[in-house]
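Notes follow the structure.
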Amino acid sequence: MPKRPNPYHSALKEARKVKRAFAEENKKFCDADSYDLTDYFFENGLRKVKPYNFEFKSFVKGRWVGRSFLDVVKTEFRSESPEISLKRIEAGQITINGSSESSDYLLRNNDFILSQVHRHEMPVKDDKIECIFENEDYFAVNKPASIPVHPAGRFRYNSLLFMLAKDHGRKHLGPCHRLDRLTSGVQVLAKNTTARQRAHTLHTELKVDKTYIAGVKGHFDLKEVFCDAPISSICKRIGIFRVCHKTGLESKTSFDLIHHDTQRDFSVVRCKPLTGRTHQIRVHLQYLGFPIINDPLYNSSAWGASMGKGGIEDSEESTIVQKLRDDHDRQWRKRSQYIKKRQVDTQRAISDIESTGGLSASDQQTAPPIIKEGSFDPLCEECQVQYEDPTLDQLEIYLHSYRYRMDDITFIAPLPHWASEYREVIERACLRDSSELSEEKRPTSSLNSTEQSFETTEKAKVETDGDNFENGGLEPPK
């Protein structure tokens with residue numbers, strides 16, 4: 001007797017079929033097609049992005065099934081207040097299967113949610129992206145500090161991949177590893193799938209040799225120290241890590257003093273990560289008692305009198321996270337009284353536009369610039385918040401990916417401004433032989449696929465001698 005079809009399996013099969021069809025259709029619309037949603041503008045040494053409309057798309061996840069529409073939006077889409085989320089649902093800016101639904105709609109398997117948001121991005125430093133190497137497989141740049149490698153969080157157009165694609169026509173590049181946003185230096189990108197897979201294999205087999213330089217306060221008097229303290233996350237949402245011997249992941253870094261500037265009481269330290277945990281060098285330097293001199297996370301008084309040296313107790317985690325979040329708010333947002341005043345000015349300006357089609361003379365003086373530019377969304381909370389422009393020194397830390405060796409190629413990035421005066425001692429300590437020294441030049445390469453050229457550097461070289469690698473860092477490709 002033939003088996004009767006299982007309704008659950010039939011529904012699941014149909015759901016997968018719909019999702020495959022959706023994925024196939026959306027292959028045509030990728031990041032390469034969304035580079036023209038907005039434009040950059042530049043002021044105060046910063047690269048900024050004009051606010052723009054953007055669509056987030058998602059199928060209902062298993063944990064959402066059976067929950068109310070509003071409940072999921074409030075708990076899973078946490079970038080705005082519940083009140084604004086409700087208004088956006090009522091205004092049809094968040095839809096299910098292409099239709100507006102009430103906030104108490106119960107989500108079902110295979111429902112498709114589309115959220116139209118007014119997106120604001122954080123500024124980055126207006127530094128040039130410098131090419132240091134290119135061949136048929138790899139494309140390497142000296143990544144400026146403050147720029148994330150790929151779109152994430154409050155950064156999309158202000159990410160390295162989008163800048164290369166939008167400004168220079170360099171599309172479809174894949175990161176072979178990923179530097180932190182505030183870290184500068186060698187960033188290698190693969191130009192094809194084969195190269196990226198090969199880079200992934202080299203990373204997993206620890207056949208990548210990486211050398212960073214860091215600037216720390218005081219005299220780093222630990223000679224050739226090896227730190228293997230395991231690292232664990234204490235706040236995934238904002239990215240804070242600590243040494244934790246109970247639950248931490250294996251992490252290994254070697255450190256050595258390059259130079260101590262006695263007049264400035266400042267040490268330049270060579271760092272060689274043998275594993276690739278997030279913030280690994282920063283956390284290990286803090287643990288050793290030598291945090292990076294301008295690190296906003298790991299050189300903060302929020303860690304207590306010891307500044308995190310030797311680790312912290314589990315009971316201190318929540319207090320430290322809250323203090324760091326408070327520090328962030330004080331640094332980036334203006335006083336709450338000013339925010340409230342701006343909201344009053346904003347609402348009055350909106351009323352003027354709705355009633356008369358324009359701004360009154362008084363509101364021309366007080367209305368936020370975003371309204372005057374015509375890029376204001378009354379349901380966007382970010383449009384009603386005034387952010388301080390960061391100072392340029394807030395957008396970097398003294399950590400630089402200096403030398404990166406992979407696939408029989410050595411990539412070397414120019415030294416940053418804070419380390420340039422120590423060039424001679426850094427090169428002696430970090431470069432293996434004369435072929436890597438800055439006097440020798442490499443072939444030039446092109447930034448643009450057509451006519452615009454990268455600035456080239458004397459410190460980027462190519463080696464194809466097939467030397468064995470030292471153990472390097474493991475950073476999974478993104």
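Only a predicted model underlies this, so the values are computations on that prediction, with no experimental measurement involved. Any value given below was found using the heavy atoms of this structure, including those in side chains, with hydrogens, waters and symmetry copies removed.
Heavy-atom contacts from other residues, nucleotides or ligands closer than 6.0 Å to CD of E250 number 12 or fewer. Heavy-atom contacts from other residues, nucleotides or ligands closer than 6.0 Å to CD of E424 number 12 or fewer.
Both tests hold for R47 against Y40: distance to the six-membered ring centre under 6.0 Å, angle to the ring axis within 45°. Judged by the 6.0 Å distance and 45° axis criteria, R170 is positioned over the aromatic ring of F139.
Between Y138 and F411, the ring planes lie perpendicular to each other; the angle is over 60°, past the 30° to 60° tilted range.
E396 and H417 share a donor-acceptor pair across their side chains, judged by distance under 3.5 Å alone. Using a 3.5 Å distance cut-off with no hydrogens or angles, the side chains of T253 and Q280 do pair a donor with an acceptor. Looking only at atom types and distance, the side chain of D111 has a donor-acceptor partner in the side chain of N97 under 3.5 Å away.
When all heavy atoms of N142 and G185 are compared, the closest pair comes out as OD1-CA, 3.3 Å. Across every non-hydrogen atom of C244 and S232, the tightest pair is CB-CB, 3.7 Å. Nearest approach of D377 to C383, heavy atoms of both residues: N-SG, 3.6 Å. Closest approach of G239 to L297, counting heavy atoms only: O-CD1, 3.6 Å. Here the closest non-hydrogen pair linking L395 and L46 is CD1-CD2, 3.6 Å. Closest non-hydrogen pair, A429 versus I258, comes out as CB-CG1, 4.0 Å.
A donor-acceptor pair is defined here as one N or O able to donate and one able to accept, closer than 3.5 Å; such a pair exists between the side chain of S251 and the backbone of L249. Checked by atom type and distance alone, the side chain of Q187 pairs as donor or acceptor with a backbone atom of H177 at under 3.5 Å. Under a 3.5 Å cut-off, the side chain of K143 and the backbone N or O of R181 do form a donor-acceptor pair. Side-chain atoms of S85 come within 3.5 Å of backbone atoms of S81 as a donor-acceptor pair (strictly under, hydrogens ignored). Listed for the S159 side chain is a donor-acceptor partner under 3.5 Å among the backbone atoms of R156. A donor-acceptor pair is defined here as one N or O able to donate and one able to accept, closer than 3.5 Å; no such pair exists between the side chain of E55 and the backbone of S115. The backbone N or O of C176 sits nowhere less than 3.5 Å from a side-chain atom of H200 that would complete a donor-acceptor pair. For H168 (side chain) and L164 (main-chain N/O), no donor-acceptor pair under 3.5 Å exists by modelled atom type. Side-chain atoms of T275 do not come within 3.5 Å of backbone N or O of R277 as any donor-acceptor pair. In terms of modelled atom types and a separation under 3.5 Å, the side chain of T204 and the main chain of T201 share a donor-acceptor contact.
No side-chain heavy atom of V117 sits less than 4.5 Å from a side-chain heavy atom of N53. Side chains of L107 and S68 form no contact here, defined as non-hydrogen atoms less than 4.5 Å apart. The shortest distance between side-chain heavy atoms of S267 and F290 does not fall below 4.5 Å. With a 4.5 Å cut-off on side-chain heavy atoms, N158 and M122 do not count as touching. Taking 4.5 Å as the limit, every side-chain heavy atom of V216 sits out of range of all side-chain heavy atoms of P291. Put simply, the side chain of C430 reaches to within 4.5 Å of the side chain of R270, judged on heavy atoms. I94 has its side chain out of reach of E101: every pair of non-hydrogen atoms, C-beta onward, lies at least 4.5 Å apart. Side-chain contact between M163 and I147 is present, with at least one heavy-atom pair separated by less than 4.5 Å.
D180 contributes atom CG, which lies 13.0 Å from atom OG of S146 (distance to the nearest 0.5 angstrom). Taken from CD1 in I426 to NE2 in H259, the straight-line distance is 9.0 Å, to the nearest 0.5 Å. Rounded to the nearest 0.5 angstrom, I231 CD1 and K252 NZ are separated by 13.0 Å. Taking CZ of R63 as the reference point, atom OG1 of T75 lies at 8.5 Å (rounded to 0.5 Å). To the nearest 0.5 Å, atoms CG (N44) and OG1 (T391) are separated by 11.0 Å. Distance CG/N294 to CH2/W418: 8.5 Å, rounded to 0.5 Å.
Here K207 does not pair with D407 in a salt bridge; the nearest charged N to carboxylate O distance is not below 4.0 Å. By the 4.0 Å N-to-carboxylate-O rule, E136 lies too far from K191 to be salt-bridged with it. Ion pairing between a basic and an acidic side chain is recognised when a charged N comes within 4.0 Å of a carboxylate O; R154 and E382 show such pairing. Ion pairing between D126 and K48 fails under the 4.0 Å rule for side-chain N and carboxylate O. For R282 and D295, the salt-bridge test passes: some basic side-chain N is under 4.0 Å from an acidic carboxylate O. Salt bridge status for E83 with K87: absent, with no side-chain N to carboxylate O gap under 4.0 Å. Checked for salt-bridge contact, D256 and K272 miss the test: no charged N lies under 4.0 Å from a carboxylate O.
With respect to Y157, the ring-ring contact (aromatic ring centres under 6.0 Å, His included) criterion is satisfied by exactly one of Y35, Y52, F41: Y52.
The six-membered or imidazole ring of F54 lies away from that of H118, with a centre-to-centre distance of 6.0 Å or more. Side-chain rings of H400 and Y212 stay apart, their centers remaining 6.0 Å or farther from each other.
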**Message:** As a quick check of understanding, evaluate side-chain contact (heavy atoms from CB on, under 4.5 Å) for L160 and F162, giving each step before the final call.
**Reply:** CA-CA 6 Å; L160 180 67; F162 261 65; over 6 Å; no

**Trace of the side-chain contact (heavy atoms from CB on, under 4.5 Å) decision for I292 with Y298** = CA-CA 8 Å; I292 293 172; Y298 303 105; over 6 Å; no

**Request:** Report the C-alpha distance between I132 and V141 in whole Å, list the side-chain angles of each, state the deciding distance to 0.1 Å, and finish with yes or no for side-chain contact (heavy atoms from CB on, under 4.5 Å).
**Result:** CA-CA 5 Å; I132 57 176; V141 299; 5.6 Å; no

**Request:** Mind running side-chain hydrogen bond (donor to acceptor under 3.5 Å, both in side chains) on D137 and N192 for me, showing each step along the way?
**Result:** CA-CA 6 Å; D137 290 326; N192 54 67; 3.1 Å; yes

**Prompt:** Under the side-chain contact (heavy atoms from CB on, under 4.5 Å) criterion, do D389 and E43 qualify, and how do the steps go?
**Reply:** CA-CA 10 Å; D389 266 356; E43 62 181 11; 4.3 Å; yes

